[in-house]
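Below is one structure, written out as structure tokens; comments come after it.
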Amino acid sequence: MYLSASFVCVSIFILILGLPPLQISPLGKAVLITGCESPLARALAKRLDDLGFTVFAAFKKLQDSDDAATLKETSSGRVKLLQLNVTSEVEMLEASLAIVEQLPDGEPGLWALVHCDLWSVLGELEWVPFPVLRKSFDINVLGASRLTQIMLPLIRSSKGRVVFLSSALAHLPSPVRGVLSATQAALEGLAVCLRRELKPRRVGVSIVCASEATAGDTWLNDRDMRAQAKAMWTLLSEEQKEAYGEDYFEQAIRSVEPFSHGDADFQATVRALTDAIMRTFPVFRYTPLNRQEKLQTIAAEHLPSSLYEILFKA
């Protein structure tokens, strides 16, 4: 028995009408973005503002910030600037209260929390002072974890989502970037578990694994990188300086210079973050990586370590 073409078309139309839209409406929904010192986070804030979201753009040092002033001047009144250092319990609690007071009328809570704040540490593990190591985990892992805890009641109220910005370094063996790699891997492990924990609460969790080149242009600063390296060398003992040698030390630090300057195109990452915020059923892991990084990530995860090290010299 054959069905008429008109019957099939009507059936498909009825089916489509019964399905939820592919994207949520941004009108009246609020999003918190941390780490807006980075150009990537500010680009995301501007993109979401243009789409109609209310955006809470968080800066570690809001006072006298030229970047914050520029973002405010070039955006609509829906962009709200926040002072938020994710290592400060007081500032995180104050930010939650400020968000509640400035939510759009009728909104029960926060639609999305986007973790873009990240602090980069470069150097082999023996070179990195322990206070610096601790600060890296405090900002990149513990800060993101605690802020999520504080904001979850607001996110659960709106059945929203939590989005983590990570890096390809979470999956790639990367000497000199080992501390950063460790924090990114920890963040991804947290996101995997959090997704399962929040699924019964109808809260989504996504992670955007960005290109290292994008991450470098976004999170690193050439001047800060050199100052960090100089401070590390000064703190090494005479035995350590003799064991490694200044030439090797400088060569190791310079190996990451391609990721600390230049005009990386992070629009693919902004699109992925936007999709994680707007899609009705977002995917868990977004990988806006270049072809080389995708190939290297697959090799790192599936090839024997000895073969990987031959093919991809760090």
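Along the sequence shown, the residues carry numbers beginning at 1.
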Worksheet item: Run the side chain to side chain donor-acceptor pair (under 3.5 Å) check on Asp138 and Thr87 step by step: do they pass?
Response: CA-CA 6 Å; Asp138 281 346; Thr87 64; over 6 Å; no

Worksheet item: What closest approach, in Å, do Gln63 and Gln83 show between heavy atoms, and which atom pair accounts for it?
Response: N-OE1, 4.4 Å

Worksheet item: Given Gln240 and Glu126, is the side chain to side chain donor-acceptor pair (under 3.5 Å) satisfied, shown in steps?
Response: CA-CA 9 Å; Gln240 289 172 320; Glu126 188 177 357; 3.0 Å; yes

Discussion item. Could you go through Asp67 and Ser65, starting from their C-alpha distance and side-chain angles, then the distance that decides it, and tell me whether this counts as side chain to side chain donor-acceptor pair (under 3.5 Å)?
Written reply: CA-CA 5 Å; Asp67 291 330; Ser65 170; 5.0 Å; no

Practice prompt. For Arg161 and Ile277, indicate whether the former's side chain and the latter's backbone hold a donor-acceptor pair under 3.5 Å.
Written response: yes

Discussion item. Using every non-hydrogen atom in the two residues, find where Leu289 and Cys209 come nearest and quote the distance to one decimal.
Written reply: CD2-O, 3.3 Å

Worksheet item: Would you say Leu198 and Leu190 are hydrophobically clustered, going by side-chain heavy atoms of ILVMFWY under 4.5 Å?
Response: yes

Response to the item:
Rounding to 0.5 Å, atoms CZ (Phe266) and CG (Leu165) come to a distance of 11.5 Å

Discussion item. Donor-acceptor check, side chain of Glu91 to backbone of Asn85, threshold 3.5 angstrom: yes or no?
Written reply: yes

Worksheet item: What is the distance from atom CD1 of Ile253 to atom NZ of Lys230, rounded to the nearest 0.5 Å?
Response: 14.0 Å

Worksheet item: Atom OG in Ser206, atom CZ in Phe284: separation rounded to 0.5 Å?
Response: 7.5 Å

Item to complete: Could you tell me whether Lys241 atom NZ has more than 12 heavy atoms of other residues or ligands within 6.0 Å of it?
Response: yes

Worksheet item: Any chance CD of Gln149 has more than 12 other-residue heavy atoms, nucleotides or ligands included, within less than 6.0 Å?
Response: yes

Discussion item. Are Trp127 and Phe130 connected into the same hydrophobic cluster when the rule is that any two of I, L, V, M, F, W, Y join if their side-chain heavy atoms are below 4.5 Å apart?
Written reply: yes

Practice prompt. Output the distance between atom OG (Ser38) and atom CG (Leu44), rounded to the nearest 0.5 Å.
Written response: 9.0 Å

Practice prompt. Could you tell me which residues satisfy salt bridge (charged side-chain N to carboxylate O under 4.0 Å, His left out) with Glu89, sequence neighbours excluded, listed by chain and number?
Written response: Arg146

Worksheet item: Are any of the side-chain heavy atoms of Thr74 and Lys46 separated by less than 4.5 Å?
Response: yes

Discussion item. Working to the nearest 0.5 angstrom, can you tell me the gap between Phe164 CZ and Cys116 SG?
Written reply: 11.5 Å

Practice prompt. Not counting sequence neighbours, which residues clear salt bridge (charged side-chain N to carboxylate O under 4.0 Å, His left out) with Glu124? List them please.
Written response: none

Discussion item. I'd like to know whether Thr148 forms a side chain to side chain contact (heavy atoms under 4.5 Å, CB included) with His115, so could you lay out the CA-CA distance, the side-chain angles of the two residues, the decisive distance to 0.1 Å, and finally the verdict.
Written reply: CA-CA 9 Å; Thr148 300; His115 292 286; 2.8 Å; yes

Practice prompt. Would you sort out whether Glu37 and Lys60 count as a salt bridge (charged side-chain N to carboxylate O under 4.0 Å, His left out), showing the intermediate values?
Written response: CA-CA 8 Å; Glu37 286 81 9; Lys60 288 190 284 286; 3.5 Å; yes

Fill in: Lys29 side chain near Thr54 side chain, heavy-atom distance below 4.5 Å
no

Practice prompt. Examine Leu27 and Leu51 and state if one hydrophobic cluster contains both, with Ile, Leu, Val, Met, Phe, Trp and Tyr joined whenever side-chain heavy atoms are less than 4.5 Å apart.
Written response: no

Item to complete: Could you state whether Leu142 and Leu133 fall into the same hydrophobic cluster, counting links through intermediate Ile, Leu, Val, Met, Phe, Trp or Tyr residues with side-chain heavy atoms under 4.5 angstrom apart?
Response: no

Worksheet item: Under a single-linkage definition using a 4.5 Å side-chain heavy-atom cutoff for Ile, Leu, Val, Met, Phe, Trp and Tyr, are Val128 and Tyr248 assigned to the same hydrophobic cluster?
Response: yes

Discussion item. For a salt bridge (charged side-chain N to carboxylate O under 4.0 Å, His left out) check, start with the C-alpha distance between Asp275 and Arg271, then their side-chain angles and the critical distance, and finish with the verdict.
Written reply: CA-CA 6 Å; Asp275 191 81; Arg271 288 193 295 270; over 6 Å; no

Worksheet entry | Working for salt bridge (charged side-chain N to carboxylate O under 4.0 Å, His left out), residues Glu188 and Arg285 | CA-CA 9 Å; Glu188 293 213 2; Arg285 188 186 304 278; 2.4 Å; yes

Worksheet item: Looking at CG of Leu84 and CG of Asp117, how far apart are the two atoms once the value is rounded to the nearest 0.5 Å?
Response: 7.5 Å

Worksheet, complete the sentence: Nearest heavy-atom contact between Arg47 and Thr274 is CG-OG1, 3.7 Å

